[in-house]
Q: 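I'd like to ask some things about the structure below.
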Amino acid sequence: MADDDLARLAALVRTIPDFPQPGIQFRDITTLIADPHGFALATDLLAIRAARYRPDILVAVEARGFIFAAAMARVMGLGVVLARKPGKLPGAAIGVDYALEYGSDRLEMHEGMLSAGQRTVLVDDLLATGGTLLAAAELVGRTGAIAAAALCVIDLPDLGGAKRLADAGVPVETLIAFAGD
Ligand SMILES: O=P(O)(O)OC[C@H]1O[C@H](OP(=O)(O)OP(=O)(O)O)[C@H](O)[C@@H]1O
Ligand SMILES: Nc1ncnc2[nH]cnc12
């Protein structure tokens with residue numbers, strides 16, 4: 001993977017200060033998603049890395065994780081299980097509450113979507129504190145399936161998410177990082 005490619009991806013992410021609250025540098029990936037070359041490049045690089053973990057299925061985190069996971073799944077010939085924000089899933093679901101860089105939230109997954117021993121790769125757009133992906137990994141673990149890795153486009157390394165996930169036994173791979181916020 002060329003450094004130029006990664007620099008191109010980083011340049012497509014827009015930074016919006018003080019959103020959603022003062023002091024947060026919001027890394028807006030919508031500008032990368034809207035760029036056809038940037039989106040294809042990010043998706044292809046994530047799919048190549050995800051394949052190394054030999055997943056049977058991808059687990060996508062709402063909302064922007066859905067976009068990347070869907071495109072990766074097409075490249076990889078896999079399906080996608082959705083980890084959704086509360087109250088969205090129509091069937092019986094399991095849920096995990098978690099803390100965010102700002103506030104708190106909950107992820108839910110339909111029961112019966114994963115089976116014991118199945119290998120999953122978790123997909124989201126951005127890793128900050130790691131709370132969201134830890135919650136997704138906990139949901140996967142409750143089903144008996146394996147969270148083999150987590151893949152994101154962006155890492156905010158100052159918030160320590162990669163270490164929290166590694167400590168929980170889930171290696172994280174990211175394409176680009178923004179530090180010093
Ligand atoms: O590593 P963490 O500290 O958990 O933060 C990362 C999460 O934050 C963002 O989503 P957000 O919670 O803003 O929700 P949204 O995708 O529904 O907008 C991002 O898309 C990740 O899912
Ligand atoms: N700084 C940030 N930018 C974009 N998404 C985020 N999710 C959590 N922290 C974020």
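Remember, it's 1-based here, ligands and their atoms both numbered in the order they're listed. In what follows, residues are counted from 1 in the order of the sequence shown.
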Q: Counting heavy atoms only, which of Glu62, Arg64, Arg27 comes nearest to atom 9 (C) of ligand 1?
A: Arg64
Q: Passes salt bridge (charged side-chain N to carboxylate O under 4.0 Å, His left out), Arg164 versus Asp167? Steps please.
A: CA-CA 5 Å; Arg164 284 180 76 197; Asp167 289 347; over 6 Å; no
Q: Looking at CG of Leu100 and CG of Leu159, how far apart are the two atoms once the value is rounded to the nearest 0.5 Å?
A: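 If I round to the nearest 0.5 Å, the distance is 11.0 Å.
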Q: Among all protein non-hydrogen atoms, which one is nearest to atom 8 (O) of ligand 1, and what is the separation to 0.1 Å?
A: Leu100 CD2, 4.1 Å
Q: How far is atom 21 (C) of ligand 1 from its nearest protein heavy atom, and which residue and atom name does that atom have?
A: Asp124 OD2, 3.1 Å
Q: Give a yes/no on ligand 1: does Leu126 have at least one heavy atom closer than 4.0 angstrom to it?
A: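 Contact present.
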Q: Near Thr132, which atoms of ligand 1 are under 4.0 Å from a heavy atom of that residue?
A: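 Counting atoms of ligand 1 from 1, those under 4.0 Å from Thr132 are 2 (P), 4 (O), 5 (O), 6 (C), 7 (C), 22 (O).
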Q: Is the closest heavy-atom distance from Gly130 to ligand 1 below 4.0 Å?
A: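 Judged by the 4.0 Å heavy-atom criterion, Gly130 does count as contacting ligand 1.
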Q: Heavy-atom distances under 4.0 Å are what count here, so tell me which part of Leu156 touches ligand 2: side chain, backbone, both or neither.
A: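 Within the 4.0 Å criterion, Leu156 contacts ligand 2 through side-chain atoms alone.
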Q: Give, for atom CG of Asp125 and atom CZ of Arg27, the distance between the pair rounded to the nearest 0.5 Å.
A: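 CZ of Arg27 is found 13.0 Å from CG of Asp125.
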Q: Give me the residue, atom name and distance of the protein heavy atom closest to atom 5 (O) of ligand 1.
A: Ala128 CB, 3.6 Å
Q: In Å and rounded to the nearest 0.5 Å, what is the CZ to CG distance from Arg64 to Leu32?
A: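 It comes to 12.0 Å.
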Q: When you look for heavy atoms under 4.0 Å from ligand 1, do you find them on the side chain of Thr129, its backbone, both, or neither?
A: both
Q: Look at atom 17 (O) of ligand 1 and say which protein heavy atom is nearest, naming residue and atom and giving the distance to 0.1 Å.
A: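 For atom 17 (O) of ligand 1, the nearest protein heavy atom is Lys85 NZ, 2.8 Å.
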Q: Considering both backbone and side-chain atoms of Ala63, is one of its nitrogen or oxygen atoms within less than 3.5 Å of a nitrogen or oxygen in ligand 1?
A: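 It does: an N or O of Ala63 is found under 3.5 Å from an N or O of ligand 1.
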Q: Can you report which non-hydrogen protein atom sits closest to atom 20 (O) of ligand 1, along with the distance?
A: Asp125 OD1, 2.5 Å
Q: Going by the atom numbers of ligand 2, which of them fall below 4.0 Å from some non-hydrogen atom of Ala128?
A: 8 (C), 9 (N)
Q: Report yes if some N/O of Arg27 lies less than 3.5 Å from some N/O of ligand 2; otherwise report no.
A: yes
Q: Any carboxylate oxygen within less than 4.0 angstrom of a Lys/Arg side-chain nitrogen, looking at Arg106 and Asp97?
A: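 Yes.
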Q: Quick check for you: to the nearest 0.5 Å, what is the distance between Leu127 atom CG and Leu156 atom CG?
A: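 Between Leu127 CG and Leu156 CG, I get 7.0 Å after rounding to 0.5 Å.
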Q: Do the side chains of Phe178 and Ile154 get nearer than 4.5 Å, heavy atoms only?
A: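 Counting from C-beta outward, Ile154 and Phe178 do come under 4.5 Å.
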Q: Rounded to the nearest 0.5 Å, what separation is found between the CG atom of Leu45 and the CG atom of Leu6?
A: 6.5 Å
Q: Is any side-chain heavy atom of Arg49 closer than 4.5 Å to a side-chain heavy atom of Leu175?
A: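 A side-chain contact under 4.5 Å exists here.
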